[in-house]
Amino acid sequence: MIAPDAGGGVAAALAEASAAEQTVAVVGGGTHGRQGGPAPTPDLELSTAGLRAVVEYTAADLTITVGAGLPATELADLLAGPGQCWPQADVRPGASVGGILSAASSGRARLRFGPVRDSLLRAVVATGDGRLVTGGGATVKGVAGYDLPRLLVGAHGTLGVIVEATLKLWPLPPARAWFATGGGLDDLLQRGKRLRRRAVRPGAVIVTPGGLHVELVGAPEDVAPPDGLEPADEPPAIAAPGLVAAGVSPARLPRLVTRIETMGLPYEAQLGVGVCRVGVASAAAVAAVRDAATALGGHAVVADGPDALREDPWGAPPAGAAIMRRLREGLDPVGILNPGRAPA
Amino acid sequence: MLLRPPSAADRFRALLDDEWVIDAPLERLLYGRDGSIAEGEAGLVVLPETRQEVSACVRLAAELGMAVVPRGSGTGLAGGAVPLEGALVLALSRMTRIVEIDEDVPCAWVEPGVLNLDLSEAVRHLGLHYAPDPSSQAACSIGGNVSTNAGGPHCLKYGVTSEHVLGLEVVLAAGEVLALGGPAPDAPGYDLRGLVVGSEGTVGVVTEICVRLTPNPPAVYTALCDFASVRAAGEFVSAVIAEGVVPAAMEMMDEVMIAAVEQFVGAGLPLDAAAVVLVEADGSPADVARQAAVVQRVGRAHGARMIRVAADEEERALLWKARKSAFGAVARVAPNYYLHDCVVPRTRLVEVLEEIGRIAERHDLVIMNVFHAGDGNLHPLIAFDRRNADQVARVAAAGRDIIEACVAVGGVLSGEHGIGLEKRDYMPLTFNEDDLRAQACARDALDPAGRFNPHKVLPGAARCGEAVLEAGHLPEGTWL
């Protein structure tokens, strides 16, 4: 395991590995490691844990540039000082900024704040052949050239290793709180639909087996219990050996949830977003969730789980798979990065 | 010089009705330009109406060895739609169907020629709108917006085009139709949708787009704040953001621009102000009240002489009309104008504005400013007369100085207009050879043979496989 303390060191290590045709597994905080296909043992492990510098933070610009290995919880603490946040990210203990971006790991407040993909303004990436490449720009807005940062989000480190990221920040909302209620599925979906279509969007409207959970965000006056809901804790994460993330049009999500409810699996459906996360314990359950999602024009990927659940992590090849392979050949010509992880 | 086979027009007439193949020299001339000051030459112009026709035209162009330049409404300001070397212009202005509106997402599938404002009008009865709102929204097309990743005043809060494009369909070089994304989020695979947005017509022809629609806010506050100095106005903008408020829009206009606009629109703008800032906050009534209080307090602290709050929708529309008519108003000041589009960190706004003032003096030019202050997105506008060769040379020199001043404080070359031809050769100011080569890899993965909109965005012959970038030359007289 090597852990360079600068982007140049990462690039140099990758250049060497490419020359020697050694495969490299890239590790951030280790929270998103169980994604993609089962990985063959790599020749080298490369950690981004040494890249935790705060490169530039002028709070009044509402942007920050940090090393990719910075833990997201540390970032959140730093931002809270001047009353700011990175609201699109799924900030779990241990997760690094680079890992969250590479896994496109969006948080629950996505209904209000959008996906984490939209928060990356600029990235410095070490390509497979060891070049240090900057894409995007460190301002809140910019269209200078091709949008490489967006390509890196969700690429699982297979186009290059993100070593530095400039993020678009938001003011911390003056107030936010969770509310919940229980009931039958049809009733919860109906009430959830009304809530998620409020003109002032909630942070999240989530249906779980037997429960409706709503996070309201904004002025204190706006964070009051909606009709029939009581103040509550944030719903806990799904506890299961594996996790499938299904995506369908938000208009079709209620139909997907209805199907999944009959399977008896634990789930968390993000109304208005179109994501349903489902706890699974077998490859058969992965396939069943995927069948239900694809029948509704969507898809399902394994977001976490042991090798046995990740034999087919992505489902049918995506549209443009040949283009995706050409992209990878351009940026990682020897093909050393994260073997088995590529989504196409 | 036209690099096209003599029989080309006849070949395309076998695919489209005669009237949709434009070969007459005078008519072709119209398609040699866009909203920028660049001039090119269209070898032939075709106006397909369906994806099948687009695909057939692209295939035929490949067979004839003609480059393809997709074109929306032609309002682009960076020369992205200007054809070079007699390329085929593929104009999408007949593809204007709103294919489907799904209120339940909410989103809409639209063809690329649908005008930005027409879409918002079409969903108004549902209490929805399309959030990106370039000043040219009555004329520019959604396809063009996708191509440049267009912005607009309200992108301060709502984000630029890319955040509102859920999916798209693109015709690639061999004529194949590729569908990317849609309302189902997080499709597996790389985000090719995100790569196509902002690619300025260099990777394919977008033939359908799924855009996110946004609920109209329940409450809106619009105010015009009037300052005695540009510095005070700029500091006001930074201070509002620093207070933890991101309004829906914060637009600034300087003295010269105020005068031009007021003559044109008659919105009651203060003619003795050095700068005005148009602030709009939206959201719930409570949230809007909170933001309005910050605007009032910070405004007074920074010496706002007057804060004119729009009393009703009519007054709000008038204030926005003043802002969005700015570029039309300039036509009364000078025959030509060159509009720039740099972004700087918000906290560097004031110093860069002051530097632009010095640049105007140094080159003896009139430079007016009307811009998205909240984003740090500057739009210095240089008024000039194309017939005056000496002035044209000074305009070009001042343009370079402005770009360098923005880059020097950590800014980027373009906020929302794109690179096109205009800034192509400035790309090395912010990107090194490896950066540009990686961008070429991204482009070439979609269009390996370089059939679409050649010579745009990346300097010279930048290609994925090559180590050396050469600065290719634009044909004489293309830009200033």
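To find a chain, count down the sequence lines: A is the first, B the second, and so on, and within it residues start at 1.
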(message) Under a 4.5 Å cutoff for heavy-atom pairs, which residue among A300(A), G315(A), P174(A) has the most contacts with chain B?
(response) P174(A)
(message) Tell me which of these, N149(B), L178(B), L192(B), L413(B), has more heavy-atom pairs under 4.5 Å with chain A than the rest.
(response) L192(B)
(request) Could you tell me which portion of T158(A) (side chain, backbone, both or neither) has an atom closer than 4.5 angstrom to a non-hydrogen atom of chain B? (result) both
(message) Can you tell me which of G298(A), A319(A), A344(A) forms the most heavy-atom pairs within a distance under 4.5 Å of chain B?
(response) A319(A)
(request) Search all heavy atoms of G420(B) against all heavy atoms of E200(B) and return the closest pair with its distance. (result) N-OE1, 2.7 Å
(request) Please report the C-alpha distance between R290(B) and E243(B) in whole Å, then the side-chain angles of each, then the deciding distance to 0.1 Å, and finally whether the salt bridge (charged side-chain N to carboxylate O under 4.0 Å, His left out) criterion is met. (result) CA-CA 11 Å; R290(B) 183 181 68 90; E243(B) 285 271 340; over 6 Å; no
(request) With chain B as the partner chain, list the residues of residues 131-140 of chain A whose heavy atoms fall under 4.5 Å from it, by residue number, and write 'none' if nothing qualifies. (result) R131(A), L132(A), V133(A), T134(A), G135(A), G136(A), G137(A), A138(A), T139(A), V140(A)
(request) Side chain from CB out, backbone as N, CA, C, O: work out which of these in S162(B) comes under 4.5 Å of a heavy atom of chain A, or both, or neither. (result) both
(message) Is T430(B) close to chain A through its backbone or its side chain, or both, or neither, when contacts mean heavy atoms under 4.5 Å?
(response) neither
(request) Give, for atom OG1 of T347(B) and atom CG of L62(A), the distance between the pair rounded to the nearest 0.5 Å. (result) 10.5 Å
(message) Once rounded to the nearest 0.5 Å, what's the spacing between atom CG of L79(A) and atom CG of L169(A)?
(response) 5.5 Å
(request) Under 4.5 Å heavy-atom distance to chain B, tell me which part of L327(A) shows up: side chain, backbone, both or neither. (result) both
(request) Among the options H156(A), M324(A), R197(A), pick out the one with the most heavy-atom pairs lying under 4.5 Å from chain B. (result) M324(A)
(message) Quick check: closest heavy atoms across L436(B) and P459(B), and the distance to 0.1 Å?
(response) CD1-CG, 3.9 Å
(message) Under 4.5 Å from any heavy atom of chain B, what part of P317(A) do you find: side chain, backbone, both or neither?
(response) neither
(request) Can you see which heavy atom on A126(A) is nearest to which on L14(A), and at what distance? (result) O-CD1, 3.6 Å
(message) Check this for me, if you would: do D104(B) and K193(A) make a salt bridge, where the nitrogen-to-carboxylate-oxygen distance has to be below 4.0 angstrom?
(response) yes
(request) Against chain A, work out which of T202(B), L156(B), V196(B) has the most heavy-atom pairs shorter than 4.5 Å and name it. (result) T202(B)
(request) Report the distance from atom CG of L159(A) to atom CG of D332(A), rounding to the nearest 0.5 Å. (result) 8.0 Å
(message) Using side chain to side chain contact (heavy atoms under 4.5 Å, CB included), reason through T294(A) and R290(A) one step at a time and then give a plain yes or no.
(response) CA-CA 6 Å; T294(A) 48; R290(A) 180 171 289 148; 4.2 Å; yes
(request) Please list, chain by chain and in numerical order, all residues satisfying side-chain hydrogen bond (donor to acceptor under 3.5 Å, both in side chains) with K168(A), sequence neighbours excluded. (result) none
(request) Go through the atoms of E176(B) and report whether side chain, backbone, both or neither lie under 4.5 Å from a heavy atom of chain A. (result) neither
(message) Please classify the contact between H372(B) and chain A as side chain, backbone, both or neither, with a heavy-atom cut-off of under 4.5 Å.
(response) side chain
(request) Please look at V160(B) and chain A and tell me whether the side chain, the backbone, both or neither of the residue comes under 4.5 angstrom of a heavy atom of that chain. (result) side chain
(request) Sort P448(B) into side chain, backbone, both or neither according to what part of it lies under 4.5 angstrom from a heavy atom of chain A. (result) side chain
(request) Please state whether the side chain, the backbone, both or neither of A187(B) comes within less than 4.5 Å of a heavy atom of chain A. (result) both
(request) Identify the heavy atoms of L349(B) and V237(B) that sit nearest to each other, and give their distance. (result) CD2-CG1, 4.3 Å
(request) With a 4.5 Å cut-off on heavy-atom pairs, point out which of R198(A), E56(A), R122(A), R196(A) contacts chain B the most. (result) R196(A)
(message) Nearest 0.5 angstrom please: E169(B) CD to L180(B) CG, how far?
(response) 9.5 Å
(request) Could you tell me which of P185(B), P188(B), P345(B) has the largest number of non-hydrogen atom pairs under 4.5 Å with chain A? (result) P185(B)
(request) Could you verify whether a donor N or O on one side chain and an acceptor N or O on the other, from T63(A) and D61(A), lie under 3.5 Å apart? (result) no
(message) For P343(A) versus G189(B), what's the shortest heavy-atom pair and its separation?
(response) CB-N, 3.6 Å
(message) Quick one, I403(B) and C342(B) - any side-chain contact, counting heavy atoms below 4.5 Å?
(response) yes
(message) Could you tell me if S106(A) and D90(A) have a donor-acceptor pair between their side chains, going purely by distance under 3.5 Å?
(response) no
(request) Among P87(A), C85(A), P82(A), find the one that has a side chain to side chain contact (heavy atoms under 4.5 Å, CB included) with L172(A). (result) C85(A)
(request) May I ask you to name which of G198(B), G194(B), S414(B) has the most heavy-atom pairs under 4.5 Å with chain A? (result) S414(B)
(request) Check each atom of V343(B) against the heavy atoms of chain A and say whether the ones under 4.5 Å are side chain, backbone, both or neither. (result) both
(message) Quick check for you: among R252(A), R150(A), R117(A), which has the greatest number of heavy-atom pairs under 4.5 Å with chain B?
(response) R150(A)
(request) Check each atom of N377(B) against the heavy atoms of chain A and say whether the ones under 4.5 Å are side chain, backbone, both or neither. (result) side chain
(message) I need the residue from G151(B), A242(B), C155(B), S199(B) with the largest number of non-hydrogen atom pairs under 4.5 Å to chain A.
(response) S199(B)
(request) Name the region of V344(B), side chain, backbone, both or neither, that has any atom closer than 4.5 Å to a heavy atom of chain A. (result) backbone
(request) Would you please say whether a donor-acceptor pair under 3.5 Å links the side chains of Q84(A) and Y57(A)? (result) yes
(request) Using non-hydrogen atoms and a 4.5 Å limit, figure out which bit of Y190(B) sits close to chain A: side chain, backbone, both or neither. (result) both
(request) Let me know if V275(A) has heavy atoms under 4.5 Å from chain B in its side chain, its backbone, both or neither. (result) both
(message) Which atoms of A59(A) are under 4.5 Å from chain B, going by heavy atoms: the side chain, the backbone, both sets, or neither?
(response) neither
(message) Looking only at heavy atoms and a cut-off of under 4.5 Å, which of L331(A), V200(A), I323(A), D147(A) has the most pairs with chain B?
(response) I323(A)
(request) Name the region of R110(A), side chain, backbone, both or neither, that has any atom closer than 4.5 Å to a heavy atom of chain B. (result) side chain
(request) State, without any angle test, whether Y158(B) and D282(B) hold a side-chain donor-acceptor pair at a distance under 3.5 Å. (result) yes
(message) Report which part of L166(B) has an atom under 4.5 Å of a heavy atom belonging to chain A: side chain, backbone, both, or neither.
(response) neither
(request) Using a cut-off of under 4.5 Å on heavy-atom pairs, state which of D375(B), D287(B), L446(B) scores highest against chain A. (result) D375(B)
(message) Is a donor from one side chain sitting under 3.5 angstrom from an acceptor on the other, for H32(A) and S102(A)?
(response) no
